[in-house]
Amino acid sequence: MHVVTRFAPSPTGHLHIGGGRTAIFCWLLARHFGGEFRLRIEDTDTERSRQEYTDSILASMRWLGLDWDGDLVYQSQRLDVYNAYVDKLLESGHAYWCECTPEEVEAMREVARAKGEKPRYNGRCRQRTLGPGPGRVVRLRTPDSGVVAFNDMVKGPIAVDVQELDDMILRRADGMPTYNMAVVADDHDMGVTHVLRGDDHVPNTPKQILLYQALGFEQPVFGHVPMILGPDKQKLSKRHGARAVIEYEQDGLLPQALVNYLVRLGWSHGDQEIFALDELVRLFDGHNLNSAAAAFDPEKLEWLNAHYLREITPGRLAALVAPFVAKLGFEASEDRLAELVPLYQERAANLKDLAKSLTLLLQDADALVCEDKAARSLTPEAKAHLAALCAEFEGLAFEPAALEASIHSYVEGNGLAFKQVGPPLRAALIGQSGGPSVHALLAALGREQSLLRLRRAIA
RNA sequence: GUCCCUAUCGUCUAGCCGGCCCAGGACAACGGCCUUUCACGCCGUCAACGGGGGUUCGAAUCCCCCUGGGGACGCCA
């Protein structure tokens, strides 16, 4: 099957998770069938479109691992094309010039509303034979009767009576094309075969189909994926915290975790939860898409992220966490980070947390802050044990096994319980009551830094 | 208001053309095991077919109505 999909964001903001998920689905569908995935920037709204958002969206696409085929298409560079199509429609009688002002149209809508009907343009200029002129727009001549039906990839058969549709504007008074006009022209010219987009476009689809028919274009397959709701089941908004893909990146999420989470939100493959990207490409064929809106669950995302974090090799993880460590004001080579990372790899849910934990090991002994619970374990008796252990460690090789053996022999030799020396040791080393095993901590810190921290705790 | 979409545990979902489902998996929560702590891991518990009518020997699965949720009705995209 020949498949060409596209993702068409408008550069009026960063790429949000809803758009991100749509992009992933489109990319997956194209890759699954060995087709093409195209990217189009819908920047006809000159007021709100910004280059920086285009850049941000492209950066997020790359971060997610979604590569696109062919050149980027900018709608703002295709205005002539759209107008040529509008002219064609005018010539064939499928469109007409209209001189009604926005105010007049609004009044018509009010009349319709008052009659309990859907607000719409009443077709006043339909029968007139107006030509171009200032303030005039071009409208599509919607058929008088009939039903527009299509088979949605995810929602199944959908039918709408044309009576519900009014004569939509194709060309604005300023000569700019409207959204539906541009989309149909672009999707056709780009050879798009499958239009996968957000749920909110369902009502646009019948209108666009009318345009396909008027223009004599072959229709693509349409598919509408439901929206993503906030954890409270309400429309996702700023209230729900981070929503843009770029924010998740900044919070230390791994792209494979976000992709896995987003795909699984609205698509399933039996009971499977974890999917590698190549596995998704193999499995995703456009079926099994859920037709109901789904609530976003940050906790499950976090769980997936922690999962992927544990799968990465220390060396690779060191490189990923380095920028986050630097952001916290610490300097450490990637080699050094690679040595430390294993201590916290399975204790962190994201790169930000991991970096924060690593700074416990990187900072100066004097800057170490001791948590209350940890401080309480540093009793006079415990300090005496620490002093004795310092002596034990003096002539020892600072390796995990040797350190562990040394601590155990001290504990047993003095008839103690491990908990009498473990907690105070950890408190002295990192100022916390929980965390990596003490011998691993000692080995990672090294002789000099370990003894420095122990002596400081005793003092 | 009108039209369209939608409805299984708190959340994501499995459940394709009815019986194998007194509904399965995952996240979260809770309990336990492992363990020097934390975390990981493992085991277990709690928890759902929105309501009402049909069709049928039999419905979460099919049909209708109601209710709930969402979206759209722009010279925005």
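Atoms considered below: every heavy atom in the structure, side chains included; atoms not considered: hydrogens, waters and symmetry mates. Residue numbering restarts at 1 for every chain, and letters A, B, ... go by the order of the sequence lines. Note that the coordinates shown come from a computational prediction; the quantities given were computed from them, not determined experimentally.
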Visitor: How many whole angstroms separate atom CD of Gln272(A) from atom C1' of G24(B)?
Guide: 16 Å

Visitor: Base, sugar-phosphate or nothing for His201(A)? Non-hydrogen atoms, less than 4.0 Å.
Guide: base

Visitor: Heavy atoms under 4.0 Å, any strand shown: does Leu265(A) hit a base, just sugar-phosphate, or nothing?
Guide: sugar-phosphate

Visitor: Starting at the 5' end of nucleotides 27-42 of chain B, put B wherever the base has a protein heavy atom under 4.0 Å, S where only the sugar-phosphate does, and a dash everywhere else.
Guide: BS-------BBBBSS-

Visitor: Report the C-alpha separation of Tyr53(A) and His14(A) in whole Å, then their side-chain angles, then the decisive distance to 0.1 Å, and conclude whether the ring pair (Phe, Tyr, Trp, His ring centres under 6.0 Å) test is met.
Guide: CA-CA 6 Å; Tyr53(A) 287 132; His14(A) 297 288; 5.3 Å; yes

Visitor: Tell me, with the steps shown, if Tyr261(A) and Phe296(A) meet ring pair (Phe, Tyr, Trp, His ring centres under 6.0 Å).
Guide: CA-CA 9 Å; Tyr261(A) 178 74; Phe296(A) 184 79; 5.3 Å; yes

Visitor: Give Cys100(A) one of three labels, base, sugar-phosphate or nothing, depending on what nucleic acid heavy atoms sit under 4.0 Å from its own.
Guide: base

Visitor: For Leu170(A) and G74(B), give me the distance from atom CG to atom P, rounded to whole Å.
Guide: 15 Å

Visitor: Please pick, from U11(B), A14(B), A77(B), the nucleotide with the shortest atom-to-atom distance to any side-chain atom of Glu42(A).
Guide: A77(B)

Visitor: Hey, does Gly266(A) reach any base, or is it just sugar-phosphate, or nothing, if we go heavy atoms under 4.0 Å?
Guide: sugar-phosphate

Visitor: Nearest-Å distance, CD1 (Ile169(A)) to C1' (C76(B))?
Guide: 12 Å

Visitor: What is the distance from CZ of Arg113(A) to C1' of A72(B), rounded to the nearest Å?
Guide: 13 Å

Visitor: If you only use heavy atoms from C-beta on, which nucleotide in C76(B), A72(B), C75(B) is closest to the side chain of Asp45(A)?
Guide: C76(B)

Visitor: Partner lookup for A39(B), please. Criteria are Watson-Crick or G-U wobble with both distances under 3.5 angstrom; report none if nothing qualifies.
Guide: none

Visitor: Protein-nucleotides 2-9 of chain B N/O pairs closer than 3.5 Å?
Guide:
{"unit_1": "U2(B)", "atom_1": "O4'", "unit_2": "Gly116(A)", "atom_2": "O", "d": "3.4"}
{"unit_1": "C3(B)", "atom_1": "O4'", "unit_2": "Glu164(A)", "atom_2": "OE1", "d": "3.2"}
{"unit_1": "C5(B)", "atom_1": "O2'", "unit_2": "Lys155(A)", "atom_2": "NZ", "d": "2.6"}

Visitor: If you compare every side-chain N and O of Arg109(A) against the phosphate oxygens of G74(B) (OP1, OP2), does one of them come in below 4.0 Å?
Guide: yes

Visitor: For Tyr121(A), does its backbone N or O pair with a side-chain atom of Asp166(A) as donor and acceptor, under 3.5 Å?
Guide: yes

Visitor: Is Asp167(A) salt-bridged to Arg126(A), going by a charged N under 4.0 Å from an acidic O?
Guide: yes

Visitor: CZ of Arg21(A) versus C1' of C12(B): gap in Å, rounded?
Guide: 11 Å

Visitor: Quick check: any donor-acceptor pair below 3.5 Å linking the side-chain of Asn204(A) to the base of A72(B)?
Guide: no

Visitor: Give the rounded distance in Å between these two atoms: CG of Leu289(A) and C1' of C12(B).
Guide: 14 Å

Visitor: Just the table, please: protein N/O against nucleotides 48-51 of chain B N/O, every pair under 3.5 Å.
Guide:
none

Visitor: Send over the distance from Glu104(A) CD to C75(B) C1', rounded to a whole Å.
Guide: 13 Å

Visitor: Which nucleotide sits closest to the side chain of Asp271(A): C75(B), G15(B), G24(B)?
Guide: G24(B)

Visitor: On the side chain of Glu273(A), is there an atom forming a donor-acceptor pair with the base of G25(B) - under 3.5 Å, no angle test?
Guide: yes

Visitor: Quick test of your reading of the model: are Arg40(A) and Glu42(A) salt-bridged, counting only N-O distances below 4.0 Å?
Guide: yes

Visitor: In whole angstroms, how far is the P atom of U11(B) from the CD1 atom of Ile228(A)?
Guide: 16 Å

